[in-house]
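Quick notes on the structure that follows.
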Protein chains: 2
Amino acid sequence: MQKSIKRRATINRMQITGLALFYKNGYYNTSVDDILKELSLSKGAFYYHFDSKEDFFVQIIEQLLVRKTYSMLIEPIEGHSNTLELITECFENALETAVHNELDYGFALSNFINEFNGKNADIMKHLNEILRIWEVTLVSAIQRGKFNGHIDRHVDAEGVAVYLMSSYIGIRTLMAENTPSARKYRFMSQLRQYFKSIEVKESSY
Amino acid sequence: MQKSIKRRATINRMQITGLALFYKNGYYNTSVDDILKELSLSKGAFYYHFDSKEDFFVQIIEQLLVRKTYSMLIEPIEGHSNTLELITECFENALETAVHNELDYGFALSNFINEFNGKNADIMKHLNEILRIWEVTLVSAIQRGKFNGHIDRHVDAEGVAVYLMSSYIGIRTLMAENTPSARKYRFMSQLRQYFKSIEVKESSY
DNA sequence: GAATTAACCGACCTTTTGGTCTGTTTAAAG
DNA sequence: CTTTAAACAGACCAAAAGGTCGGTTAATTC
């Protein structure tokens with residue numbers, strides 16, 4: 001195989017397996033050896049391509065996690081139809097992947113934020129950056145909805161965004177252990193209830 | 001000092017310091033030596049009173065965490081006035097302690113659930129037990145509200161409970177790193193908005 | 001086809017960790 | 001006052017962790 005290609009292939013394999021194990025067992029509970037064992041690779045290969053375990057993880061964030069978050073939570077709500085319907089559908093899909101908690105790393109971002117919060121400022125900087133983009137996207141979506149007449153123009157877009165993010169991160173935690181399917185259903189049902197309360201009221205006219 | 005008293009005093013000191021460090025740095029990032037150093041005690045003292053690090057933590061859950069959760073999230077909503085007002089005030093107070101993230105371990109439960117989810121089934125059993133009690137308390141509070149005529153009788157009590165728990169756990173995560181005060185304000189504001197949507201509608205009469 | 005270098009191997013090192021064990025101090029009992 | 005056992009001290013151990021380093025294989029260059 002060509003060298004430059006082989007390099008990319010190996011790094012890719014490492015990152016994908018690394019993310020899978022980090023997501024499953026947590027960063028601190030996954031050793032470099034665990035990952036290498038899974039890949040049938042050696043220490044030499046790992047430290048040839050990466051400076052440290054932390055560097056490895058940061059690159060996973062930049063290469064994989066950012067894209068996954070984009071495709072799962074950012075892009076789906078950037079459409080031009082009814083904002084609240086877009087968000088509802090987006091959450092519905094994202095949570096569905098979390099129900100079958102296997103290969104599709106549901107919402108890895110949430111797990112890592114919890115794990116590194118107040119423990120590793122450097123990594124948190126990267127994770128917060130993703131959060132920030134998510135928040136901005138939500139806020140502008142809400143404002144678009146207000147402009148388009150779907151959402152009551154009195155609602156606080158930033159408030160709604162924070163509330164949505166909170167509930168999403170929380171339900172992911174609750175779904176991880178107990179009856180994920182039932183909890184997802186109840187959650188989505190109440191989300192729609194909440195959305196009704198910020199839609200334009202006919203009585204306003 | 002009398003022996004039986006000294007025993008209790010030492011165990012208490014250990015548990016309080018242990019909880020503080022576990023909460024601050026996480027369970028896996030806090031070594032037994034870290035705790036002992038803080039206490040100026042020795043390994044001998046630790047393993048004389050506790051079988052293992054895990055046993056130590058389980059006892060902290062049972063002795064401290066359960067009570068803290070009770071006094072912070074359970075008892076405040078068991079009153080007999082308007083349910084939604086009780087929950088609002090309860091969340092308000094609980095989140096306020098999280099704003100000054102110092103000595104008062106805001107909502108330690110949430111952190112530990114995130115840390116042990118899918119990693120340590122034994123400890124999760126204990127934490128889930130607390131979650132379950134919280135959920136039951138919320139559900140019966142909602143139902144009481146429906147019965148008392150404060151809450152629309154069409155709402156799904158279990159759904160509301162899950163939604164409340166989700167949003168609370170999520171906002172605690174979001175508050176841990178960035179602008180906790182502003183986020184708390186926005187969160188509470190939207191919580192009230194949501195509550196309005198499940199109150200009895202005058203149009204129903 | 002020899003030289004060079006990227007890609008990888010695996011033994012080894014150091015630090016940290018949870019846990020053990022022997023010994024010492026101190027409070028209660030006889 | 002002696003004995004006894006609780007309460008604690010601290011040296012020690014084995015395993016695991018992140019990381020280093022000299023050596024080997026395979027692809028590229030000249």
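Computed from a predicted structure; not experimentally measured. For the numbers below, each heavy atom of this structure counts, side chains included, while hydrogens, waters and symmetry mates do not. Letters go in sequence order (proteins before strands), and every chain restarts at 1.
- If you check the side chains of Tyr194(B) and Gln193(A), you find no donor sitting under 3.5 Å from an acceptor.
- Of all nucleotides listed (dC8(D), dG18(D), dA7(C)), dC8(D) comes nearest to the side chain of Leu41(B).
- As rounded to whole Å, 12 Å separates atom P of dA11(D) from atom CG of Asp33(B).
- Taking atom NZ on Lys37(A) and atom C1' on dG10(C), their separation rounds to 16 Å, with Å as the unit.
- Thr10(A) has no side-chain polar atom (N or O) that falls below the 4.0 Å cut-off from OP1 or OP2 of dA7(C).
- Remark: Arg192(A) engages Glu92(A) in a salt bridge, criterion side-chain N to carboxylate O under 4.0 Å.
- Of the candidates dG19(D), dC8(D), dG10(D), dG10(D) carries the atom nearest the Lys43(B) side chain, counting heavy atoms from C-beta on.
- Summarising the geometry, the separation between CG on Leu39(B) and P on dA7(D) is reported as 17 Å, rounded to the nearest angstrom.
- A straight line from CG of Asn29(A) to P of dG18(D) spans 10 Å, rounded to a whole angstrom.
- Within the structure, a side-chain polar atom (N or O) of His49(B) is placed less than 4.0 Å from OP1 or OP2 of dC8(D).
- Rounded to an integer number of Å, the gap from CG of Leu36(B) to C1' of dT17(C) is 12 Å.
- Distance Asp51(B) CG to dT20(C) C1': 13 Å, rounded to the nearest Å.
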Quiz prompt | Ser52(A)/Asp55(A) under side-chain hydrogen bond (donor to acceptor under 3.5 Å, both in side chains): CA gap, chis, key distance, verdict | solution = CA-CA 5 Å; Ser52(A) 64; Asp55(A) 169 54; 5.3 Å; no

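- The side-chain contact (heavy atoms from CB on, under 4.5 Å) test with Phe112(B) is passed by exactly one of Leu127(B), Asn117(B), Ile60(B): Leu127(B).
- In this structure, Phe46(B) atom CZ and dA11(D) atom C1' are separated by 18 Å, rounded to whole Å.
- The side chain of Arg7(B) places an N or O atom within less than 4.0 Å of a non-bridging phosphate oxygen (OP1 or OP2) of dA7(D).
- Residue Ala45(B) places its side chain closer to dC8(D) than to any other of dC8(D), dG10(D), dG19(D).
- For Lys53(A) against dG19(D), a side-chain-to-base donor-acceptor contact under 3.5 Å is absent.
- Both Tyr48(B) and Asp34(A) lie near DNA chain D, and the one whose nearest nucleotide falls closer to the 5' end is Tyr48(B).
- Which of dA17(D), dA7(C), dG10(D) sits closest to the side chain of Ser31(A) comes down to dA17(D).
- Using a 30° and 60° split on the angle between ring planes, Phe91(B) and Trp134(B) fall in the tilted class, from 30° to 60°.
- In this entry the distance linking CD1 of Ile35(B) with P of dT17(C) reads 11 Å, nearest Å.
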